There are 2 protein chains.
Amino acid sequence: MEKLNKHVPITLKFLAEKLKMSVSTVSKALNNYPSINDYTKKRVLELAKELNFTPNKSAINLKDRKTRIIGIILPNLLDYFFNRSIYGIEQFAMKHGYNVIISQSHDEFEKEVTLANMLLKTCVDGLIVAISQHTQNFDHLDQFERMGTPVVYYTRNPSFNLNCHKVFGNGFQGSYLATKFLIDRGHKKIAYLGGPKMINFTHDRFKGYINALNDAGISFEQNLVAYTNFDNEHTIEAIKSLFVDTNEMPTALVAYKEPILFDALKYLKQIGHPRFSEIESVGFGNTPLINYLADPPIASIEENPEGVGEKAIELLLKLIGKEIEMEDYQKVMVNCKLVIH
Amino acid sequence: MEKLNKHVPITLKFLAEKLKMSVSTVSKALNNYPSINDYTKKRVLELAKELNFTPNKSAINLKDRKTRIIGIILPNLLDYFFNRSIYGIEQFAMKHGYNVIISQSHDEFEKEVTLANMLLKTCVDGLIVAISQHTQNFDHLDQFERMGTPVVYYTRNPSFNLNCHKVFGNGFQGSYLATKFLIDRGHKKIAYLGGPKMINFTHDRFKGYINALNDAGISFEQNLVAYTNFDNEHTIEAIKSLFVDTNEMPTALVAYKEPILFDALKYLKQIGHPRFSEIESVGFGNTPLINYLADPPIASIEENPEGVGEKAIELLLKLIGKEIEMEDYQKVMVNCKLVIH
DNA sequence: TTGTAAGCGTTATCAG
DNA sequence: CTGATAACGCTTACAA
């Protein structure tokens, strides 16, 4: 075992000197150019391995005008879905020699604009973005494509921006799954607790719910549907409205997001809903929090956030590598799974 | 408003040509060299602003042999503490022009070694690491310092490695706070539920507990202390052992980590502990999960993960910038707060 | 006060 | 098959 070389960085030049060859030959050998003699290649490779040569990324990046940095903008890193999706993105990016800059918009449009501009200045090679719930104008994101930098929208579907690359979880399918599951358990009065109307998945999920009802021959009732935001107050109001008609109270609940479902259940228990223990519910998320709940939902929709993240970066890298043309707009869906607790 | 320049990257050379000056003058002007004429500076600055010039990072990095990448190794990104601490690190790093690579050891020693080697190859400018609970050998981390790359240990205190830079939450103080709070509420039988014995903070927190008892003149009882791991089974065993003596059952509980506390409380409720509703408890974490619990702890120790992360990267950047000598080993503590629910 | 030139580590082009 | 050279964008002695 050699000593660790303290301050002599192993470069092509260094290898070349040791081997009494030119820098360019060494470079070509390492990059497996067909023109290079096999024996020469072997010698170079061996020394490179022995000295633990690592090509200098900055030099390469400078050469081919890249940063190998992917920008990510998402609402909230602490959110369970985004957190897991980040993991999928990071893993994949790292494996392909890319680094990742993560930034949070906190679901504010202005912040999203600021972050976008910052990432543009950073000259990221590509952008993955889950837009804020208030984003309707896309100038700050469109400028990336105008500069030749591909953008992939993920998780949050931008309804006002049709010409773009999208990757998200199949809310329709997940919602259908959840609703069908509850129907199969004998429920007729199934309520749907939807998310912010500004966010597209709210409606996708609603459609899944409706379709499952239809397919089972259960007629849809308007008063079994309510919408809420990400905060508790709205949720309480929404859940109240669902249970306002004491003759027609739902016996089951499909919710667009688990924390919201938990808020709702907590409220129902608090007010002492007469048949609380009979209510069965399914939410999107499958958060580990379920293990700690006194009255957990009966099942969860697992959204596979890592998969969504991975598909997003996979697509982005293909766009960066021009394997897919930027104008050839893609739409990728990742299916959900039902997990029974 | 100009058109967006599609493919002409704004470089020093480009500015220089526009201004009919040399590249070096432009560079110096932008870097505010005193030798440059004020008027010249002004002209340069103005054009730079107008054209939205951004210096090419790769070129700068190449020049001063840096990557501006900070490596992070931690056990688990989904953990609430680490998740929040990452946020503190990222924010600070970004503000100072550094990027961050996050990698997870999943508390496995071998994985930690692999990740360390990977990050070494990536030539990170510095490393922030929360060691796995099984890490006792530090070769894989020591090699960084040998290569001149500073390392900051955070959150997990490496007891076997004294000569290193450390940043962590003040478990002693937090634990003292929690215990004193329970004492002040009249409890005499306060149990301590500690973490893995391999992890140093387990013991720091224990000391805080003991000291608070001592200062209140309460005698310590061995059977009021139990240790567990991060998994449920161990926790059940530990909690059982605390409540085994029916005459001397604890009335309050200090736990090293909230999820573990929740497991414990869940178990106690499940077995129908006779005075369950009277038990008061405090855990480390202050996780939002508390809002959803039927029987939440009475207070939490807020560890300020962002602060810990920020202190870690702040120290690391000082080491990278040679503001602090690498051999001048630092130890930084971040205090906890008691949050009453 | 400004400009010239070398160098950071790679790769690509063109000669040999 | 191998080598010299230029170029990527920036900083910094050193010259002018």
Side-chain angles (χ1 to χ4, degrees), chain A residues 5 7-45 47-48 51-69 97 121-125 147-148 321, chain B residues 5 7-45 47-48 51-69 97 121-125 147-148 321:
Chain A
N5 5 35
H7 281 148
V8 195
I10 313 291
T11 66
L12 289 186
K13 196 170 151 192
F14 185 80
L15 294 181
E17 277 163 11
K18 283 247 171 196
L19 291 163
K20 293 180 203 300
M21 303 196 290
S22 78
V23 175
S24 60
T25 305
V26 176
S27 170
K28 285 170 191 160
L30 288 169
N31 291 312
N32 200 25
Y33 270 49
S35 71
I36 300 292
N37 184 340
D38 278 351
Y39 178 60
T40 312
K41 274 184 192 168
K42 207 176 150 188
R43 282 182 62 213
V44 173
L45 262 331
L47 187 65
L51 297 184
N52 223 313
F53 168 78
T54 323
N56 181 309
K57 267 274 184 72
S58 301
I60 295 178
N61 290 342
L62 173 59
K63 188 111 243 293
D64 42 58
R65 294 149 173 268
K66 284 190 152 203
T67 57
R68 308 230 163 220
I69 295 177
K121 279 211 128 192
T122 309
C123 293
V124 294
D125 289 344
M147 303 276 298
Chain B
N5 7 34
H7 282 150
V8 195
I10 313 290
T11 66
L12 288 187
K13 195 170 151 192
F14 185 81
L15 295 181
E17 276 162 11
K18 283 248 171 196
L19 293 163
K20 294 181 203 297
M21 301 196 291
S22 78
V23 175
S24 66
T25 305
V26 176
S27 169
K28 286 172 190 160
L30 287 170
N31 291 312
N32 201 25
Y33 272 48
S35 71
I36 300 292
N37 184 340
D38 278 351
Y39 178 60
T40 311
K41 275 185 192 168
K42 205 177 152 188
R43 284 182 61 213
V44 174
L45 262 332
L47 187 65
L51 297 184
N52 224 315
F53 167 78
T54 323
N56 182 309
K57 267 274 183 72
S58 301
I60 295 178
N61 291 342
L62 175 58
K63 186 111 249 293
D64 43 59
R65 296 148 171 269
K66 283 189 154 204
T67 57
R68 308 230 162 221
I69 295 177
K121 278 211 128 191
T122 309
C123 293
V124 295
D125 290 344
M147 303 275 300

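Just so it is clear, the structure is predicted and the values come from calculations on it, not from any experiment. Naming: A, B, ... by sequence-line order, numbering from 1 per chain.
Of the possible polar contacts, one joining the A:Lys41 side chain to the A:Tyr33 backbone as a donor-acceptor pair under 3.5 Å is found.
Here the C1' atom of nucleotide C:dT2 and the NZ atom of B:Lys41 are 13 Å apart, to the nearest Å. With rounding to whole Å, A:Tyr39 atom OH is found 11 Å from D:dT2 atom P. With rounding to whole Å, B:Lys66 atom NZ is found 18 Å from C:dG9 atom C1'. Taking atom CD on A:Glu17 and atom C1' on C:dG9, their separation rounds to 13 Å, with Å as the unit. Rounded to an integer number of Å, the gap from NZ of B:Lys20 to C1' of C:dT2 is 17 Å.
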Counting primed atoms, P, OP1 and OP2 as sugar-phosphate and everything else as base, the B/S/- map of nucleotides 8-16 of chain D against protein heavy atoms under 4.0 Å is BBBBBB---
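A 4.5 Å side-chain heavy-atom check between B:Ile69 and A:Lys57 finds every atom pair outside the cut-off. Under the 4.5 Å side-chain criterion, counting only non-hydrogen atoms from C-beta, B:Leu30 is in contact with B:Leu12.
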Q | Stepwise side chain to side chain donor-acceptor pair (under 3.5 Å) test for A:Thr67 and A:Asn61 | A | CA-CA 6 Å; A:Thr67 57; A:Asn61 290 342; over 6 Å; no
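Minimum heavy-atom separation, B:Lys13 to B:Val23: CA-CG2, 3.9 Å. When all heavy atoms of A:Ala48 and A:Leu15 are compared, the closest pair comes out as CB-CD1, 4.2 Å.
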